[in-house]
Every structure is written in structure tokens, then in C-alpha cells.
Novice: 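Below you'll find the structure I mean.
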Amino acid sequence: MAEEALLQVEDLKKSFGGVTAVDGVSMTVRRGEVHAVIGPNGAGKTTLISLLAGEIGPDRGRILLGGRDIARQPAYARARLGLARSFQITSVVPEMRVLDNVLLAVLARDGRSFRFWHPARSDPALVRPAEAALERVSLAHAAGERADAISHGEHRQLEIAMTLAAEPELLLLDEPMAGMSAEESRRMTGILEGLKGEKTMLLVEHDMDVVFALADRIDVLVGGRIAASGTPEAVRADEAVRRAYLGDEAV
Amino acid sequence: MDAGLVAAQLLNGLQLGVLLFLLASGLTLIFGIMDFVNLAHGSLYMVGAYLCAELTDATGSFLLAVALALPATALVGAAVELLVVRRLYRRDHLDHVLATFGLILCFDALVQMIWGPEGMAIRLPAWADGQQHLPGGLVFPTYRLLIIGAGLAVAAGLYVLVVRTKLGMRIRAGASNPAMAGALGIDIGRLFTLVFALGAVMAGLAGMMIAPITEASIGMGNEIIITAFVVVIVGGIGSIRGAFVAALLIGLIDTMGRSFLDMALKLAMSAQAAETSAPALSAMLIYILMAAVLAFRPQGLFPPKTR
Amino acid sequence: DKVRIGFVTTLTTPAGVIGRDMQDAVNLAIQDIGGKMGGLEVELIVEDDGFKPEVGKQKTDKLVKQDDVHFVAGFIWSHVLLASRKSALDGGKFLISSNAGPSQIAGKLCHENFFSTSWQNDQTPMAMGEVLNQRGVKSLYVMAPNYAAGKNMVAGVERTFKGEILGKDMTKWGKDAQLDFSAELAKAKASGAEAIFVFYPGKAGGAFIRQYQQAGLQDDIALYTVFTVDAIALPNLQKAGMTGVLGSLNTQFWGPDLDTPQNSKFVSGFKKAYGRYPSFYAAQSYDTIFLIKSAVEAVGGNLDDMDGMRAAMKKADFPSVRGAFRYGNNHFPVQNFYLRKVVEDADGVWTTTVIDTVLKDHQDVYAAECKM
Amino acid sequence: MLRIEGLEVFYGRSQALFGVSLEVGEGEAIGFMGRNGMGKTTTVNALFGIVRAATGTVLFEGRELRDLPSHLIARLGLGLVPEGRQVFPNLTVEENLTAAAANRGGRRNPWTAAQLFAMFPELEARRRHMGNLLSGGEQQMLAIGRALMTNPKLLVLDEATEGLAPLVRRRIWACLAALKAEGHAILAIDRHVPDLARLADRHYIVEKGRIVWTGSSAALAGGGADLERWLGV
Amino acid sequence: MSRRVGWLLLALLAAGPPLALAAGQPFYVDIMTRLVCLAAAATSLNFILGHGGMISFGHAAYIGIGAYAVGIPAYYGLHDGWLHLLLAVCCSALFALATGVIALRTRGVYFIMITMAFAQMVFFAIVSIEEYGGDDGLVIDIRSEFPLLDLEDGLTLYYVCFALLLGTLYLVHRLMRSRFGMVIEGAKGNERRMAALGFAFYRHRLAAYTLAGALCGLSGAMLGNFTNFISPEMMDWTRSGELIFMVVLGGAGALFGPLIGAAAFLLLEELLSGWTVYWQLPFGVLLILVVLFARGGLAGLLEGRRG
Ligand SMILES: Nc1ncnc2c1ncn2[C@@H]1O[C@H](COP(=O)(O)OP(=O)(O)OP(=O)(O)O)[C@@H](O)[C@H]1O
Ligand SMILES: Nc1ncnc2c1ncn2[C@@H]1O[C@H](COP(=O)(O)OP(=O)(O)OP(=O)(O)O)[C@@H](O)[C@H]1O
Ligand SMILES: [Mg+2]
Ligand SMILES: [Mg+2]
């Protein structure tokens, strides 16, 4: 298999006032792999994702997507280059319907948003993929609900549906399973598994069952630095990681 | 342009700034902390002024009248909160604007029904009515100095209350998430009434301070409230420190504009044109300032930190 | 049929206090004539302009189109009158200004169906300029609100005052008028002028006087006013103990103590009905009704006879509170202007008294521009 | 101690709870489970007066809570770790704790900020940071700490371990166990069934707004419940 | 339901004026003309406010710009209607574009205030130009001249304004449902998410803001023609406020909301002010009641949504 690097991060740094959240991180995500980032709370995982997605700018460092440095590009431009993120704390458009939320994601991918005249909600080119994405996360039943009238777990599903509908090359998943019940979590794991090979994923997750089931490689972030990295087996066996993060979970 | 005039105008600007701060601090409390846009804040300013005028007539003493009018204004504020405002916290800003505009209309009409269209003058006690001779040969009205002093004292007290006390913390907690604060046992209903009443007192106090100068009149709060909003915005919503800095800034700019702009304009245009356009342009200054500040700092001078 | 009179004035906002005075005077006048003119009943429709030209115009439109009045009268503010003028005149109605007298309407925009029962803006300050000259004032500081009348007032005093004008402030006007004059007063004082001339109608007048006294300027710069210290401002000034205003001078075409039969009847009637002195606004409004009455009676109640009524009004043949006067070609009064002083009357109430005649049978300068 | 009976809740026209009944005994720990959107949070919110129940009774130590405002309910000794953290964004970490501080359960040695910082050293380092600047997990810790600061008699946790690192989760479960040992009652919603089973004495499973199973931890472990069907495990 | 009321209102407006004339009530045509112009302005505001969440507190500036685009050429004797309309659209659009570039960097109440600041600047700029009447305004003696249409005829003028309203409504209707509209709506609900999805919505907003400005400029031009008198007062912040009230009163985001709101607003004002000088009191109370009990404005009330 061609071990082509899709995303390369070099010496990335970000501090907030006195707190250095990400402290010189370098990593490589290969095309088609599921690359997990784990680490204690406050280690800088979400910050890393925000840096990659372009919501905040780095103090230093480079982010190469397919060889192109995108570190100074705004979030929307990166999204257009095929980068999509899901949010740790659910972020949808609350007053729109569930389906409309996904529709927006499809529209974003489609890119032709300066169209003033034709109704969007009856445009099959938008509606069909959106419905398919909802189907995929088994949320089709709620398509017509307002997005602020569904439960926490359903929000999480919607969050993933939107990320999927954007059909990105690289998915940045920030705790996708948070708030999902065991059942939904398992189904979601199945969905992500099905995407494996087709999409590249950077996965942040505290649920070790999910991480070990999905990840091809794992980076462990502690205090803003990469403390260990390698295959799931290697990381699981790493004594330092166990002490700093896993506890007896992996035993 | 002589130094004495500049010094006098600085003091005038300071006095206006302090007055604006009194108004703006109540706004920033209610607006920044409870996220409620209260256009009717200016009406409480008016109510304060009228109550004080009425009580000065009744008691014959300005100070006593202020002492009585302050709690009375607080009561009015609390009543407004209980009757109208409290149902609106969870609505969006537009609803606030609309409802409080309704309140303004009610207040203006009610005041006219009670006190008639003519204003109410307040007679200052003799000791406050004179002038003070300041160093540098400056003569300044005693009463305006008093306003400066009172305003500064209130600013300090307010800062301590909101930032340093547990009450202040609970108010802020309730503001950001009332349901959660309630679930922690904080009686947000009462707290909010309290804050609103406090804001009313500050507005009322500002009204009482200005009334002996311009007299209490209908609608007196409706224009100055916009300036107070400008202060809040320039300072950064919710920031008492920001409101203070911005109030002084705007007080000074406004006064300086009124004093020296026509001179400056005369350098560029005919005296006639300068004289007629100067007042309009100086009134425009604070808006230019606001737009300039927001162009570079879209959240004002002291924005809250967010993620 | 009835004689329908539309009356546009300001009833809301603080300026409503002026409107109230006018409305009271009109009601009193109608009562004094027994509610009838030339055998016809009088119907009065009062509209509030809210101190806004646009609203004033809207209300005029309503009076013309919906109420189909015969006379549109009232108008405190020059800009409101300018905005409403076209609606009333194009609608074929008589337009009578009971106060506002902007230069345009006296000059280029004069119209056969327009009449004034007041004065042209420039005249009163022109009288004041003469007074200043007589008293040997050499240097002056000028303050007025920045609107049509304010500009006219300043132009008026500049026209006759022979000394030097050391500074001038035109302050913000309208519903959010500037009322705190600290900066301007500091400038006036620093200018070193001998006297200050101000025009602040309504409540702004009271505010100005108060701050003038609080700043302790009585000894530095003498105060001369027009339309500022009047029956509207004085009660509040008295209440606030602004004794500095006693003895101050102003000019006017009228005074409550002017000795004419009609004026005695008016002032005593007004005081009796409302318990206060009438203002000049009231006096002019009172006159308005009598002017209309003279017109209606001249045509024997035939309200379609516009020409007849116009000719009658032109004669100014009615008992005016100011005594006899005549109309100029532009239908503004040619009349006297008096110097008045603020005094305490026998009952201890502050009022003004006429102490001198400054201009006799004075016609405004814009009349020359009127092609009528 | 707490008895909920026949609770029905509507959101607009759609019904979320269809007569939920559940009981928490003195010093008892209860697990409350169910898949997404089944009505767990709705039950909790109804208990705290955050949403209003249409019918049913909520008795806490014999007092009817249904019509009480939230703050009075909380003052009776109920503490909430809400779903989705809901820390106060505009208060610092320390202020978040201080603002909540009260000894509602009349504990002899009430929780202090210092004790909580000892339990969550991550928070100590951030004590002067605004709540909204914290990471997800840090916020979760703060939410737990905040609830503890009210020293409740009954602690209600709605997915309190969401987003926490495995090690921290351990600490939380240990702390809950300690609280229970002290005699505090606990009502916990959590997706980690084994952990919950270890802590709780009894469990309720809710499905589509109805309680479909209730029983002891032993029964749960012994396969008394069709967990596959109701929870997907 | 609100749709049905909207259509009913349109039908009334289409048939009303000839009936009013026939009944000898020309003044009603005036009221309806004003209503139609303001409703068109409010509809343009609704597009950015109700639909896009951009609460512009300076929308009246475009009415003013449109009106002066008629008044100033007319002052110089240029009466060509097409010229007026072209000027109105271009000037409003340009002003919206220039100010939007800065204003759209801000959010929430900051946006409200900065749009107000820009409007105030135009306001004071006009006030300071004495040539065009300053504060006192400008009388338009002759209305815009179009081939075949005589606007001096009240009925013709009315139907031109009515056509403008219909056009604006249809345009906004299409826009709201288009892809462009969806982006605007999405950005109103959650900016962060929209950016993460890849939308550079700043551009969409700027386009929408400019478009709304241009549309409103047109209604301003018609309003100026109708009143025959223009003054800075037309773009005072209270006028912007009134436009917002019309939108919110009617129901922000609902297509016919602004029309219903404008109708209710003018009707109430007309009825109540004819009834008592204290008309502001019942008017204010009504406003408050509508906010409290009719969520989503009158349109919401018609849909059966309660506060
Ligand atoms: N805007 C900010 N200002 C100040 N500090 C911040 C900001 N954003 C993050 N931090 C701090 O940086 C650190 C890293 O935060 P981050 O959210 O990246 O952690 P995380 O690894 O995602 O943790 P978790 O697993 O709990 O979600 C935290 O300690 C947090 O308090
Ligand atoms: N604010 C609301 N408005 C309308 N419906 C709601 C609202 N909140 C929840 N619901 C609905 O009520 C039902 C129960 O929701 P609830 O939040 O209680 O579920 P839950 O069991 O806590 O789920 P989760 O595990 O996902 O948090 C869901 O179907 C949801 O769609
Ligand atoms: Mg995180
Ligand atoms: Mg839940």
C-alpha cells in the first residue's frame, strides 16, 4: 500500500495567554488510514483539531494537506480543500430542520451557493445526498424535526451526518461517540469502519473500545506534545501511556 | 485657544463622561450580564429626575429628595422587571427592543399625564449652587464638581460589587445559564429583579444629577440612552471597566468637539459653513469613534474572553 | 355648514408645553366669540406635529384631504411650516402661521393665501441689535439652535448690531436638542465678549438661563435674549430660584402688560381660565381666531368666497392684542417691537413688562423679495 | 427519599414521557439507562423543574416538587451534574465553584474548592480561567465539582463521565462510591453499564418515555434484562 | 394563515384606493401609499434581519438616501425619474457595500450599533449641508417624471409604489428559498458550523446586505416622491427602529410579516393618535402585549404560536 501522506503537521504550536495548549506537534496522517489522537483531558486535542480546521491560527508551524501549506488559510477555504470537522460540543443550526442542516453540508460541498433564484429545498441534487447521509446515521426519522428539538444523542448523530454529507477527504472527528448510547456508539463505529479506506480520518476519542477497534495508528498527546505514537498494540502496551491516560482500562 | 479654556473643557468633558458612565453602567449590568437590551433604561433616568424634582418640592431639600428618590426609583425598576422584563430574558434581542420601546412610550405618556408637558425644575441648595475657584484661576460650578465625585464613587462601588462579591458571581452565573443556576439553588428570579432595580437606581441617579442643570423633562432619556449604548458598545458589552473608559472618552470627545470643531473647520471652509456644519459634525463624532473602534476591535475595547 | 379650522401644533415631547399654551388660547378665543363666526359654528381640529416636519406635513395633508378644513393654522416651528406649506396651499386652503416666520415664506415663497399673526423671524433680533447699540455694547457672543429660525435670529441680530461678534454657537436642535451648554458657556466666557445674545425657545431657554447662572456668568457677560425668557420659561426659573434673570432684557412685538383693550381682555381672561400668564405664542394664537373671524364675517359666512376672505384678512381689520397693525405685501404684520424687562408682579409672579419701543411700524427685509 | 410517579412530559405537542415512575431510597445509588432520545434527561429536567411535567407526582422526602421553582428544589438538597456540562462560561473556574457553594445536605465537612482541586488537579492549574476556555473534559470535571459544592443529599448525574479520559473516569467512579459509602443518595445516567452496575444498587431502563425494566445490579448482571434490546449491549 | 392574511391585505391594497376615492376619502390613498412604501422598505429589511439575522438598526438611512436621490436632483431641476431611480439604487447599494464591509465584521448587538452609527453619520452629514436644507429638510416641488406615467396623480403614484412592493415581496420570496438564502439562514443560526462546512458566508452576507440596501433605497425614492418633502428626520435612528418594529411586530422571517406589521403599525398609530394625545400609552401597552403573548409577531399569532 502506498504510504502517501495526506496531512502533515510540522512543529505546530498554539498558546493562549499562559497556557500552551499545543506545543510543537508534528505528525503525519496517511491517506486512507484512521489516525487516532488520544490523551488526557486538556492535552490539546481539540485545540489541535481547531488548528487543523482553521478555526484558530497557529503561533508557529506548518500544516500540509496533500503537500500544500494551509496553515494560514481560513476555515472555509480548508473545508473546500476537503477537510471537515465534527464538533466535540454539538454544533448545528438549531432553528433549521434536521434535513436542512445536512442539506447545507451538501451545498457546501457542491460549492455553488451564489444562486439566487431556484428553490434549494426541492433541488434533488441537494436533497438526495442529504437524505442518504441521514439514513446512514439512522436519523432519517427525524429529518423534518427542528434541529433544536432532538435529544442530545440525536444531535451527535446529526453532527456526524453533516460531516459525512460534506464528503470530505479528511474527516476530523472530535469525540464523535460522546453522548451516544452503547447501541448508537456501536452503530457509529460500524459506519466509520465502513468508511475506512475510502476516507481518511483523524479521530479524537476517549472511548478506548472505539479507538482500538478503528485506529490504524495512534498518537498520544500529553500536555500539548506527542508522548507516544505507534500501532494500537504498541500504544496499549506503553507503560507511560498507561500511567498518564489509560489506567487499567486497557488491561 | 488658551490653556484655561482647554482645562475648563476637560473638566466639562469629565463631568459629562461621569454622567454617561452612571447611565451606561446600569445598561452594561443589565445588558452585558443579563443579556437584556433595555431601551427603557432612559425612562428610568427620566423617572429618577421627576421623582427627585417632586420630592425636592415636597421636602424642600435636594439631598433628602435624592435619598428618597433612589429607593423609589429602585421600586419602579423592580416593578418593571416583575411585570414585563422577566418574561423576556429568554427571548432574542429583537423582542427586548420592541417591548422596551413600548415601555418608553408608556413612561413618556404616563409622565406627561402626571406632571404635564412642562419640565420640572429643581432648586439647588445654596452650598451647591456657587462656583469653586480651582488652581490655575479656573472657576467651575460647584454642582458639576459634585457630579464628578459622586460618579467616581459609584463606579468604584459597582466594580467591587460585581467582580468581587459572591452576589456578583451568582448574578453572572444566572445571566449565562438561568436554568442551570436555578438547578444549583440560585434564586435567579430575585437576583435579576435586584440587578434590574440596581440598574434603575444608577439610571435614576444620573437623572437626578442632571435635573438641576437641564430640568426634568419628558423624553429626556430617549436620546442620551443612545449615547449610553455607544458607551457600552465601545467599552465592550458587560465590561464595567470598559464602560468607564469609554464613558470618559466619549464625554471628552463630545465636549471637545463642541468646543473646538468650528475653529478647526474654519481652517478648511468658510466661517458661515463651518458654523452651521460644526454642530452636526460634532454630534457625529461619537458615531465615528464607535465605528472606528468596532472596525478594529469588533467586540469593543474590553471584550469578554471566549473560546 | 361650519367653519372648520385645522390647528397644527406640538402637543407631545417637552415642546408640548408651547402647544398647550396655544391650544388654550385658541379655545379661549373661540369661547370669547361665542363659538360662532358670521353665523356659522366653529369647528376646531387640533393636530400634533410631534416636533417633526414630516409629521406636521402628514397632519396638514390629513386636515386638507380628510377634514376638508377651510383654514390651516398654528405652526410653532419654522421647519414644520416650510414642510407643510405646499400641502395646505396646493390644497387651496388658507394657511395662517400663528408663530413660525421663516425668511423664505416672507420672501420668495410668499403666497396670496398665506397670512401670519406673528412676525418674521429676523425682526425681533433686529430690534435686539438696536437695543445693544443703544446701550453701547461693543462685543457680542451669539448662541442659537441650529434650525431655520435659529439661523434667521442670528442673521437678524447681525443685521443691526454694529459691534463685533466674537463667537457664535449653533447648537443641536430637534427632539434630541442639546440642553447642556457647559462647553459653549466656557467658550463664551473665554471669548471676552461684553454680552451674550441667545435664542432658545421653549424649555431650552430655562435650561440655558439656569446654567448661565450656575456658571456664575452674570458678572462676566451680560444676557440679552429673544423668545427665551417668556411665560413658558419663567415659572420654572422662578421655582428654581434663578434670580439672575430678573431685570434681564428681551425684545418682542407684544407683552402681557401692553395696554390695548383686546390685550387686557385676553390676558385677564387667560389668567382667569388657566391660572397663569399667557405666552406670546398664546397671544398670536388668540389673534389667529380673530383674524379668521374677520374674514368669515366679511363674506357673510360664504366660505367659498376665497377672494372675499383674502381681501378682508389683508386689511387686518380685527381687534389684535398688539393693537392696530397692517399687513405688508407678503402678509406679514408691519408692527412695533418693544423692549421688555423681567420683573416680579404685584402677586410675586415673575413676568415681563414693556419698557420701551425699539422699532416702530417695522417691516421685515424679505418683503422686498416677495412678488405680490 | 425520592419517589417519582406517573410522570408525563410534553414538548409542545409531542409527548416525551409516558408515565415514568421511579424511586430512590435513602443512601441508595440508582442507575438510569436507555438509548438516545428515550427520555432520561427529560426525566431529570422534570425532577429539577427545568421542564414542567403535565401530570404525575415528584415527592422528595415527602414534599411535592412538581410545582416548585428550580432553586427551591435544589435547596431541598438535590444536586445536578447536567447533560452537556453547562458550566458558567463567564465565571472563572473558582467562581463557578464559589457561586454554587452551599451546604444543602448539612454535611459535617462540606466540600471546599481546595478539596475539589485536590481531586481534579487539572482544574487547579486553571482556577482563574473562564469556564468557556476549558477543554471539554475540564468542563465536565468542573460541572461535577460544582454539583458537589452544593453538598446535596441526592446527587443526580446526567452523563457525567462523558468526554473524560479513562483515568479520570476511574477517579469519578471512586469518588461516587465514596459518597455513597457516606450515605448519600445518587441517581446516575451513564452509558458505561459495567461501571454503573458496580456503583448502583438498582437500575431503571427507559424506552420511548416508559420504564421497561427495573431490578438490582445482580439481576442486571444475571441477564435479567434484555440489554441487547433496550441498550444495545 | 399568515399567508392568507398577507394575500388578503394585498388584495385590499390593490382594490382599496379607487374605492377610497369613490367614497370621497382621498386621505386614505395617502395612508395606503405611505403603508405600501414602508412595507416595501420593511420587507427588504426582513430579508437581512428576519432571514439572515443581521439586525440593521440603520435601515432608514437607505430610505433617506433614496429620498435625497430624488430631492437633490430635483433641487437642481433634474426631474427624470429613471435618473432618480438609478441614483437611488446605486447610492444605496454603494453605501451598503461600503459600510457592510466593516459592519459585517461585527456580531450581535455590536452589529446593531455599528449599523446605527453609519446611519447616524449620513443623518448628520445631511444635517450639516445647509444647501439642501440641513435639519429643515427640502421640499420636492415636482415629482419624478416618467414617460407615460404621471406621478403627480395620486392614484398613479400609488400603483407604482404598489408594484414596487409586489416586486420586493416576490424577490425576497425567491431569495429566501434559494441556495443563497439557505446560506444566509444557516449563518444566522450557527456561524461556526457554517465556516467549518466551508462557507465563506461573509460574502453572502455582504451581497444580501447590499441588495437589501438597494431595495430599500427604491422605497425611499418613492416615499420621497410621495411626501414631496424630505428631511434628515427620515433616516433618524427612531425611523430605523420603527422599521424593525414593523418587521418584528409582523413576524420576522415570515414573508408577509413586514407587510402585516407595517399595516398594523400605521393603522394603530393613525387610530390611536386620532383618539388621544396620550396615544403612546395604549400603543406602548399593545406593543408589550404583542411581544409577550405573540411569539413570532402577528404572523406567529396567526399561526397559533403563543408566547
Ligand atoms: N481559548 C483558550 N484560551 C485559554 N485556554 C485555552 C483555550 N482553549 C483551550 N485552552 C486550554 O488549552 C488546553 C487544551 O485544551 P483542549 O480543548 O485542546 O483539550 P483537549 O485535549 O481537547 O481536552 P478534552 O479531552 O478534555 O476535550 C486546556 O487546558 C484548555 O484549558
Ligand atoms: N427541547 C425539546 N423540544 C422538543 N423535543 C425534545 C426536546 N428535548 C428533547 N426532546 C425530545 O424528547 C425525547 C427525549 O429526549 P431526552 O433528551 O430526554 O432523551 P435522553 O434519554 O436524555 O437521550 P440522550 O441519551 O440522547 O441524551 C427525544 O425524542 C427528543 O427528541
Ligand atoms: Mg477536547
Ligand atoms: Mg440525555
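Below, chains carry the letters A, B, ... as their sequence lines are ordered, and counting in each starts from 1.
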Novice: Which residue pairs satisfy the side chain to side chain donor-acceptor pair (under 3.5 Å) criterion with at least one member in residues 37-51 of chain E, sequence neighbours excluded?
Specialist: E:S44-E:H59
Novice: Report the residues that fulfil side chain to side chain contact (heavy atoms under 4.5 Å, CB included) with A:E131, sequence neighbours left out, ordered by chain and then residue number.
Specialist: A:L99, A:V127
Novice: Please classify the contact of A:L81 with chain E as side chain, backbone, both or neither, using a heavy-atom distance under 4.5 Å.
Specialist: neither
Novice: How long is the span from the CZ atom in A:F116 to the OG atom in E:S178, to the nearest 0.5 Å?
Specialist: 7.5 Å
Novice: Counting neighbours of CH2 on E:W7 that are heavy atoms of other residues, nucleotides or ligands and sit closer than 6.0 Å, is the number greater than 12?
Specialist: no
Novice: Of the backbone (N, CA, C, O) and the side chain (C-beta and beyond), which part of A:D123 lies under 4.5 Å from a heavy atom of chain E, both, or neither?
Specialist: side chain
Novice: With rounding to the nearest 0.5 angstrom, report the CG to CZ distance, A:L104 to E:R179.
Specialist: 11.5 Å
Novice: Is chain E contacted by the side chain of A:R112, its backbone, both, or neither, given a heavy-atom distance below 4.5 Å?
Specialist: both
Novice: Of all the residues in residues 92-103 of chain E, which have a heavy atom that comes within less than 4.5 Å of a heavy atom in chain A?
Specialist: none
Novice: Give a yes or no on this: more than 12 heavy atoms of other residues, nucleotides or ligands lie within 6.0 Å of atom CZ of A:R60.
Specialist: yes
Novice: Please evaluate residues E:N190 and A:F87 with respect to the criterion side-chain contact (heavy atoms from CB on, under 4.5 Å), reporting the C-alpha separation (whole Å), side-chain torsions for both, the decisive distance (0.1 Å), and the verdict.
Specialist: CA-CA 12 Å; E:N190 189 339; A:F87 288 86; over 6 Å; no
Novice: Can you check whether anything in residues 195-212 of chain E gets within less than 4.5 Å of chain A, heavy-atom wise, and list it by number?
Specialist: E:A195, E:A196, E:L197, E:G198, E:F199, E:A200, E:R203, E:H204, E:A207
Novice: Could you pull out the closest heavy-atom pair between E:G186 and A:M96, with the gap in Å?
Specialist: CA-SD, 3.8 Å
Novice: Taking atom OG of A:S122 and atom CZ of E:R177, what is their separation to the nearest 0.5 Å?
Specialist: 6.5 Å
Novice: Tell me, out of A:T163, A:D100, A:V93, who's got the most heavy-atom pairs with chain E below 4.5 Å.
Specialist: A:V93
Novice: If you measure from CE on E:M182 to CZ on A:R121, what distance do you get to the nearest 0.5 Å?
Specialist: 4.5 Å
Novice: Highest number of heavy-atom pairs under 4.5 Å with chain E: which of A:S86, A:A79, A:S91, A:A75?
Specialist: A:S91
Novice: Hey, is NE2 on A:H118 packed in by over 12 heavy atoms from elsewhere, all under 6.0 Å?
Specialist: no
Novice: Between A:E55 and E:R193, is the closest basic N to carboxylate O distance under 4.0 Å?
Specialist: no
Novice: Rounded to the nearest 0.5 Å, how far apart are OG of A:S50 and CZ of E:R192?
Specialist: 6.0 Å
Novice: Answer with side chain, backbone, both or neither: which region of A:A105 has an atom nearer than 4.5 Å to a non-hydrogen atom of chain E?
Specialist: both
Novice: So which of A:R78, A:E159, A:R109 has the biggest tally of heavy-atom pairs under 4.5 Å with chain E?
Specialist: A:E159
Novice: Would you check, one step at a time, whether the test side-chain contact (heavy atoms from CB on, under 4.5 Å) holds for A:R115 with E:F180?
Specialist: CA-CA 5 Å; A:R115 298 222 168 150; E:F180 177 76; 5.8 Å; no
